[in-house]
Amino acid sequence: MRIVMLGAPGSGKGTQAQRIQKDHGLPQISTGDLLRKAVADKTPLGVKAKKVMDAGELVSDDIMLGIIKERIAQPDAQRGFVLDGFPRNTSQADSLDALLAGLTLKLDRVVLMDVDFEILMKRLTGRRTCSKTGAVLNIYFSPPEDLEACRKAGGELVQRDDDNEATIRNRLQVYDRQTAPLVDYYTKRGLLRTVSATGDVDAVYSRLKSALGLK
Ligand code: AP5
């Protein structure tokens, strides 16, 4: 199954994609994570991308397409994948279509994670990543035992550089301007399902699985 997760920053794309990966073996392909790795490794691409990401803008389409092409070609993606954070505009969506068509493949489903705007700011300012386990947590919403488990494992709760209020506001505007038009784009192609992504992670996961026809 080839799935695209669409949704505003903080809508829970990454959280839910990781659960699908764990339970159904479909790799989560997060362009944000791939870029953050390049930034951490200080590759030429990472150095270039950091400024753009810190401003909450989009990295150029040609760079993103190169990253996706390479990732989709990996052995673990041959059975399918969950794209988290790509495509981000209609040009990337067209490129993805062409890329898959060239491989005689197509998308099976696009899921829109639908959350009220006010919730997004709290989810994003509260997000922390465990430096030891990589678990994505939230100081407002995660069970205290999960936050404690990170500390017990010897990790620290780290905040993403772009999870500050000013950058979050810009990311949300960029989403509205550039990514939200994809809702129409995929509705017209008959691929879009909307999932209410408000409520706790388990409740959202169960709605998501129904939308995807997964057990
Ligand atoms: P990216 O990493 O993709 O960031 P994003 O789209 O802004 O999405 P987020 O990761 O912020 O949110 P999410 O929906 O995954 O939420 P999460 O599950 O973590 O991109 C970062 C940057 O990279 C971009 O700004 C851009 O510069 C660049 N980039 C990436 N892809 C690109 C592309 N294709 N083209 C160009 N540039 C690109 O959840 C958020 C928080 O909420 C967590 O703390 C989580 O624990 C919590 N949470 C999740 N679900 C729930 C729930 N149901 N209840 C309570 N809390 C919840």
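Counting starts at 1 for both ligands and their atoms, following the listed order. Start at 1 with the first residue, then count along the sequence.
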CG of L120 to CZ of R169: how many Å apart, nearest 0.5 Å?
11.5 Å
Not counting sequence neighbours, list each pair that qualifies as a salt bridge (charged side-chain N to carboxylate O under 4.0 Å, His left out) and has a residue in residues 39-63.
K37-D41, K50-D54, K50-D161
So for atom CD, which belongs to E156, do other residues, nucleotides or ligands contribute more than 12 heavy atoms lying within a distance under 6.0 Å?
no
Does the distance from a Lys or Arg side-chain N to an Asp or Glu carboxylate O, for D146 and R151, drop under 4.0 Å?
no
Mind checking the CD-CG spacing from Q159 to N164? Nearest 0.5 Å is all I need.
7.5 Å
Would you check ligand 1 and list the protein residues that come within less than 4.0 Å of it by any heavy atom, ordered by chain and number?
A8, P9, G10, S11, G12, K13, G14, T15, T31, G32, L35, R36, M53, E57, L58, V59, M64, G85, F86, R88, Q92, R123, L124, R127, V136, L137, N138, F141, R160, D162, R171, G199, D200, V201, V204
Between OG1 on residue T179 and CZ on residue R171, distance to nearest 0.5 Å
11.5 Å
